[in-house]
Structures are given as C-alpha cells and as structure tokens.
Amino acid sequence: MPFNTSTPISSASLRAHLAQLISPSNEEWDAFYSKLKTRQLKKDETYLAEGDVCRRIGIVTKGGLRMYYNIKGEERCKDFQFEGQFTGSMASLVSGQPALFTIAALEDTDLLEITKEELFHLYEKYKTWERFGRLYAQMMFIYKEKREASLLFDSSTTRYENLLRDQPQHAHRIPLKYLASYLGIKPESLSRIRKNIARRSRT
C-alpha cells in the first residue's frame, strides 16, 4: 500500500492513506498518532539488523529502505519500502525471536515508529485498529503469495515490467544491483532487459 510519490507524508496525508483500509474517528486517530515517534536514518544506515529482535514498527514518511538476507556472504534483497509503507519484521515482533534479515536505508529516510506494546494496546482498546492490523496482514499475505508465484512462473522480463507498471516512481530509485537481486537475476541480465525494453519502446 505505498504512495506512488516521493513526497514526504504529513499527518493528514498519512491518515488519508490509511483510510484506504479503515476510517478512524478523531479519537482513534489521535490515540494512534500520539504514540508515533520520529526517527531519521542516513543512507545505508541499518534500521533492523539480522539477529536482533524487532521491538517496533516504522512507517516511512520520506525515503526508502531495503530488506535483505545474508546468504553465505551474499546479500539477497527481499523487499523494499517507500513512503506510506510499514517496515520491520512482523514475525520477530510477534514471536520475540531474532529477525532473519536486515533492513537498511536506500537513501536518507524519515520514519514514524510505534512500539510493540503501544501497537498491541491500540489493538486491544480500539476495534478500528485491530481491524486495520487484520486487513493489513491479509493484504501483505496476498502480496507475498503473488510475489512467490511470480518468481516461480514469470520470466525475469515480466517481473521487471510488472514492477515498472505497479510502482514506476519507486523502481527508478532502487540501485541496479539491489533491483536485480530482488528480481532474482544478475545485474548484467537486468541491464540487458532494460535495453531490450527501451529498444521496443522506440519501435
């Protein structure tokens, strides 16, 4: 549920963004927004390290992040987050177990954070926020299932074209090596795909 823009997010625009799933009352919104704390990351700074327990969830208000696994010394990109998207490890947050991946800033990034305790308190006190958590989890489950299917059935060209179609503003902000890793191909293969697409567009 990303913003298709790189414009920083205000309180009003964040509320409108989340209203795609829920319509919180003023009281419910204030209860949520008052718990958020700001955090700033420099480019390449780590937000969550592999092996650490995730104790808070962040909302990107400006900038971008990448999630990656370290497999035998090689970084494998799992996903990216940009303006309007949540970041963190939900599995680690809920289970209390160490995170299996690292999250680092692609560029200078601003976030709004909420702790596990405050988030779960909102779930318990307000049905609206409990519903939001359920709907967001469902949405992410569908997203992950589609991504898994795409990795199994789609060509690398199709995967790249889908990314350009769904998130054109974001695709061009991701360095080639990270984008190639996310697509499951080598950087030189992605360069060839880009050249072929550019060639087709000129004919």
**Message:** With a sphere of 6.0 Å drawn around NZ of Lys144, does it hold more than 12 non-hydrogen atoms of other residues, nucleotides or ligands?
**Reply:** yes
**Item:** Pairwise side-chain contact, Phe153 with Thr158, heavy-atom cut-off 4.5 Å (strictly under)
**Value:** no
**Prompt:** Does Tyr182 have Arg147 sitting over its ring (NZ/CZ under 6.0 Å from centre, angle to axis within 45°)?
**Reply:** yes
**Prompt:** Taking the side chain as C-beta and beyond, is there a heavy-atom pair between Thr102 and Tyr47 under 4.5 Å?
**Reply:** no
**Asked** Salt bridge or not for Lys146 and Glu148, using N-O below 4.0 Å?
**Response** no
**Prompt:** Does a sphere of radius 6.0 Å around CD in Glu145 hold more than 12 heavy atoms from other residues, nucleotides or ligands, not counting ones at 6.0 Å or beyond?
**Reply:** no
**Request:** Salt-bridge test for Glu107 and Lys43: reply yes if a basic N is under 4.0 Å from a carboxylate O, no otherwise.
**Result:** no
**Prompt:** Measuring from Leu163:CG to Asp166:CG, what's the distance to the nearest 0.5 Å?
**Reply:** 7.5 Å
**Fill in**
Note: Leu164 and Ala171 closest approach over all heavy atoms is CD2-CB, 3.9 Å
**Request:** Please report the C-alpha distance between Glu75 and Lys177 in whole Å, then the side-chain angles of each, then the deciding distance to 0.1 Å, and finally whether the side-chain contact (heavy atoms from CB on, under 4.5 Å) criterion is met.
**Result:** CA-CA 10 Å; Glu75 293 180 3; Lys177 63 179 180 178; over 6 Å; no
**Message:** Rounded at 0.5 Å granularity, tell me how far CZ in Arg192 sits from CD1 in Ile197.
**Reply:** 13.0 Å
**Item:** Heavy-atom pair with the smallest gap, counting every atom of Ser156 and Ile185
**Value:** CB-CG2, 3.5 Å
**Request:** Using modelled atom types only, decide if a donor and an acceptor are shared between the side chain of Glu74 and the backbone of Ile71 within a distance under 3.5 Å.
**Result:** no
**Request:** Please report the shortest heavy-atom distance between Glu27 and Tyr126, naming the atom on each side.
**Result:** OE2-OH, 3.5 Å
**Request:** Check the angle between the aromatic planes of Trp129 and Phe132 and answer parallel, tilted or perpendicular using the 30° and 60° thresholds.
**Result:** perpendicular
**Prompt:** Side chains of Leu14 and Leu112: closer than 4.5 Å at any heavy-atom pair?
**Reply:** yes
**Evaluation steps, side-chain hydrogen bond (donor to acceptor under 3.5 Å, both in side chains), between Thr128 and Glu28** = CA-CA 8 Å; Thr128 292; Glu28 291 165 337; 3.0 Å; yes
**Request:** Any chance you could measure Thr61, atom OG1, to Asp110, atom CG, to the nearest 0.5 Å?
**Result:** 4.5 Å
**Request:** Please examine the side chains of Arg131 and Leu135, heavy atoms only from C-beta on, and report whether any two atoms are closer than 4.5 Å.
**Result:** yes
**Asked** Which heavy atom of Ser89 sits nearest a heavy atom of Leu48, and at what distance?
**Response** CB-CD2, 3.9 Å
**Asked** Quick one: does Lys116's side chain have a donor or acceptor within less than 3.5 Å of a partner on Leu93's backbone?
**Response** yes
**Item:** Plane angle bin for Phe82 and His170 - parallel if under 30°, tilted between 30 and 60°, otherwise perpendicular
**Value:** parallel
**Item:** Pi-cation contact, Tyr68 with Lys78 (under 6.0 Å, within 45°)
**Value:** no
**Request:** Decide yes or no for Glu188 and Leu176: does some side-chain heavy atom of the first lie under 4.5 Å from some side-chain heavy atom of the second?
**Result:** no
**Message:** I need the single residue from Lys35, Arg55, Arg39 that forms a salt bridge (charged side-chain N to carboxylate O under 4.0 Å, His left out) with Glu113. Which is it?
**Reply:** Arg39
**Request:** Is it possible for you to say whether Tyr143 and Ile174 belong to one hydrophobic cluster, with membership spreading through side-chain heavy-atom contacts below 4.5 Å?
**Result:** yes
**Request:** Indicate yes or no: does Glu130 engage Lys127 in a salt bridge with an N to O separation below 4.0 Å.
**Result:** yes
**Asked** Looking at Arg134, Met140, Gln138, which hits side chain to side chain contact (heavy atoms under 4.5 Å, CB included) with Tyr136?
**Response** Met140
**Message:** Run Lys62 and Leu111 through side-chain contact (heavy atoms from CB on, under 4.5 Å) and show every step you take.
**Reply:** CA-CA 7 Å; Lys62 180 183 178 183; Leu111 305 106; over 6 Å; no
**Request:** Kindly compute the distance separating CG (Leu106) from CG (Leu179), expressed to the nearest 0.5 Å.
**Result:** 10.5 Å
**Prompt:** Taking the six-membered ring of Tyr178 as reference, does the NZ or CZ atom of Arg66 fall below 6.0 Å from its centre and within a 45° cone about the axis?
**Reply:** yes
**Request:** For Ile57 and Phe86, work out which heavy atoms get closest and say how close.
**Result:** CG2-CD2, 3.5 Å
**Request:** State whether Arg200 and Glu161 are salt-bridged, where the test is any N-O pair (Lys NZ or Arg NE/NH1/NH2 against Asp/Glu carboxylate O) under 4.0 Å.
**Result:** yes
**Flag, side chain of Thr109 to backbone of Gly64, donor-acceptor distance under 3.5 Å** = yes
**Message:** For Ala19, is there any backbone N or O sitting under 3.5 Å from a side-chain donor or acceptor partner on Ser23?
**Reply:** no
**Request:** Starting from the C-alpha separation in whole Å, work towards a yes-or-no answer on side-chain contact (heavy atoms from CB on, under 4.5 Å) for Cys77 and Tyr69.
**Result:** CA-CA 6 Å; Cys77 284; Tyr69 294 103; over 6 Å; no
**Complete:** Interatomic distance, NZ@Lys186 vs OG@Ser181, rounded to 0.5 Å, equals 9.0 Å
**Item:** Distance, nearest 0.5 Å, that separates CD of Glu124 from NE2 of His121
**Value:** 7.5 Å
**Message:** Checking Thr46 against Ile103 for the side-chain contact (heavy atoms from CB on, under 4.5 Å) test, could you report, in this order, the C-alpha distance in whole Å, the side-chain angles of both residues, the deciding distance, and whether it holds?
**Reply:** CA-CA 6 Å; Thr46 297; Ile103 304 174; over 6 Å; no
**Request:** Using only heavy-atom distances, determine whether the side chains of Asp154 and Tyr160 contain a donor-acceptor pair under 3.5 Å.
**Result:** no
**Fill in**
Note: Leu183 and Arg159 closest approach over all heavy atoms is O-NH2, 2.6 Å
